[in-house]
Amino acid sequence: MNKLTVLCCVISFIVMFFIYDSNKENQYGQDFIYIYEKILSEYPFLNHEEEERIKDSKKLYLEQSNKCQSDIEFVKLANEFLSQLNSIHTVVHSREDSYAIYNTYKKAVDNNPEYTKAFKSFFREFEKKDVLAKYKNVGKSNNESFYNFYSSDNNFIYYPIINNKIAYFRINNFFYSNIESDFNKIQESLNETKNYKIIVIDLRNNCGGDTRYFTEMFLPLLIKDNYEMQYYSLRRRKPKGKIEEVRRNDELSNLIKKRFDGSFEYILNKNKYYTEESIRVTKSENSIEYNGELYLLVDGYTASSAAYFAAFVKDRKLGTIVGECTAPESIGSDSKLHILPNTKLLFRINDELIISRNLSFKKNGMATNGCVSPDIEVKSNYDKNERNNQLLSDPC
């Protein structure tokens with residue numbers, strides 16, 4: 001073997017080693033690109049200016065992603081990038097939280113077979129050998145994860161502010177695990193207060209959970225009729241099932257024009273497809289058929305299905321919303337769940353833009369879209385540690 005051949009072999013080895021090492025070092029950069037492309041192709045809450053801002057930030061975050069040395073660093077950086085969206089549902093989860101969410105959905109499926117279809121593709125991806133290998137040693141260390149969604153004896157709280165006149169309920173979250181445990185307490189409290197003139201439901205600082213908390217448990221025990229809320233769901237990516245093109249629906253096009261004004265053409269060009277959706281609440285045979293006045297207290301931390309509850313009450317004119325605008329993205333189905341190709345971390349993304357005939361959402365830019373505005377605006381001073389004797393000093 002001559003010197004030239006040896007030199008060529010050495011150079012080839014160095015190049016191959018460099019490529020291999022570069023790929024290894026750049027796994028976070030590759031996952032960042034995956035996230036970035038999903039945002040542009042699926043995330044609906046952007047106008048033209050905001051999309052350009054996301055594009056302009058790509059170079060900086062890609063460079064920083066390539067420098068990450070651990071999953072912890074990457075999760076922090078990725079969520080810093082995603083924070084530009086002001087989205088509570090679009091996030092990259094840590095290993096612990098990713099695994100806790102997987103386990104939570106598995107438990108939900110075991111108890112409710114209809115969930116199986118909704119999360120079939122997620123389970124198929126998460127349960128691949130290379131993905132599960134990533135979570136081999138996580139099980140025993142993630143008990144403190146928020147996403148374990150444990151039930152709590154103090155989740156639902158009832159106070160008679162003024163006996164026989166004003167009843168106060170506070171619900172801290174709508175976690176699936178609390179639906180069954182809260183049922184009897186709510187039923188007893190409603191039966192006790194069915195003749196009260198006013199019922200106040202405090203949803204401030206409620207992060208949400210499962211919509212069935214109010215659609216199948218709370219409201220059915222309260223209402224005197226059946227109610228159905230209808231809306232349009234717009235998407236950038238063509239969904240499966242029965243879909244329509246937005247431009248062919250004159251009513252929907254007019255609603256978009258009224259709601260987004262200067263971003264009208266951008267919305268039509270980017271969110272081309274829609275489905276008609278609805279959510280129905282059926283009165284329980286044990287309902288108190290409440291005839292008094294209903295008030296919901298909300299703030300900027302009233303999120304997800306808790307804000308959905310407020311939207312339903314406002315849309316169906318079942319009560320009065322008091323406080324501040326809720327968190328964004330208050331209506332829609334569960335976020336899309338993706339497994340990042342290299343790190344195997346869970347990436348959630350909201351992919352629905354909701355248009356309603358009866359709801360006017362806050363519209364200060366697309367990135368704050370989907371907030372439910374109150375009927376009566378009051379600055380909130382919510383204190384999760386408040387007690388009965390302090391409620392009368394609460395401005396809301």
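By convention here, the first residue in the shown sequence is residue 1. Bear in mind that the values here come from a model prediction, so they are computed numbers and not experimental data.
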Side chains of [X] and [Y] only: does a donor on one sit below 3.5 Å from an acceptor on the other?
X    : Y    : result
Y61  : E80  : yes
N154 : N172 : no
S253 : D250 : no
E293 : Y295 : yes
Y34  : N342 : no

Spatial distance of atom [atom1] ([X]) from atom [atom2] ([Y]) [nearest 0.5 Å]:
X    : Y    : atom1 : atom2 : value
S287 : L190 : OG    : CG    : 8.0 Å
L345 : I339 : CG    : CD1   : 8.5 Å
L296 : K314 : CG    : NZ    : 11.5 Å
E329 : S304 : CD    : OG    : 9.0 Å
N195 : K165 : CG    : NZ    : 14.5 Å
Y158 : S189 : OH    : OG    : 6.5 Å

Looking at [Y] and [X], is there a salt bridge between them, counting it only when a charged N and a carboxylate O are closer than 4.0 Å?
X    : Y    : result
R124 : E127 : no
R204 : E324 : no
D210 : R212 : yes
K283 : D225 : no

Residues, nucleotides or ligands: over 12 heavy atoms within 6.0 Å of [X] [atom1]:
X    : atom1 : result
R280 : CZ    : yes
D153 : CG    : no
E265 : CD    : yes
E73  : CD    : yes
Y301 : OH    : no
L132 : CG    : yes
K185 : NZ    : yes

Is there a donor-acceptor pair closer than 3.5 Å between any side-chain N or O of [X] and the backbone N or O of [Y]?
X    : Y    : result
D202 : F169 : no
N206 : I171 : yes
T90  : S87  : no
Y290 : I198 : yes
T326 : V372 : yes
N79  : V75  : yes
K59  : D56  : no
S98  : L346 : yes
D375 : I321 : yes
E63  : L60  : no

### Query
Could you walk me through whether Q64 and Y28 pass the side chain to side chain donor-acceptor pair (under 3.5 Å) check?
CA-CA 9 Å; Q64 293 181 351; Y28 298 116; over 6 Å; no
Could you tell me which non-hydrogen atom of [X] sits nearest to which non-hydrogen atom of [Y], and how far apart they are?
X    : Y    : answer
V131 : E125 : CG2-O, 3.4 Å
F260 : L353 : CZ-CD1, 4.1 Å
L337 : Y105 : CD1-CE1, 3.8 Å
Y196 : I162 : CE2-O, 3.7 Å

### Message
Under the criterion salt bridge (Lys or Arg N to Asp or Glu O under 4.0 Å), I'd like the reasoning laid out for K134 against D71: C-alpha separation, chi angles, the key distance, then a yes or no.
### Response
CA-CA 11 Å; K134 178 82 176 182; D71 288 357; 2.6 Å; yes
### Message
My understanding is that only one of F74, F347, F32 makes a ring-ring contact (aromatic ring centres under 6.0 Å, His included) with F81; could you say which?
### Response
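Single ring-ring contact (aromatic ring centres under 6.0 Å, His included) partner of F81 among F74, F347, F32: F32.
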### Task
Applying salt bridge (Lys or Arg N to Asp or Glu O under 4.0 Å), run through K194 and E289 and close with a yes or a no.
CA-CA 8 Å; K194 62 183 178 182; E289 300 185 0; over 6 Å; no
### Query
Who pairs with E51 by side chain to side chain contact (heavy atoms under 4.5 Å, CB included), at least two apart in sequence or on another chain?
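Result, side chain to side chain contact (heavy atoms under 4.5 Å, CB included) vs E51: L40, L46, K55, R236, Y266, K270.
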### Query
Looking at residues at least two apart in the chain, or sitting in another chain, which of them share a side chain to side chain contact (heavy atoms under 4.5 Å, CB included) with I33?
E37, K58, L62
### Message
Classify the ring geometry of F126 against Y102: parallel below 30°, tilted from 30° to 60°, perpendicular beyond 60°.
### Response
parallel
### Query
Could you walk me through whether R247 and N269 pass the side chain to side chain donor-acceptor pair (under 3.5 Å) check?
CA-CA 9 Å; R247 288 187 182 274; N269 289 334; 2.9 Å; yes
### Query
Can you name the side chain to side chain donor-acceptor pair (under 3.5 Å) partners of S233, sequence neighbours left out?
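Checked S233 against side chain to side chain donor-acceptor pair (under 3.5 Å); matches are R235, E352.
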### K257 to F264, cation-pi by 6.0 Å centre distance and 45° axis angle
yes
### Query
Does NZ or CZ of K106 come closer than 6.0 Å to the centre of the six-membered ring of F123, within 45° of the ring's axis?
yes
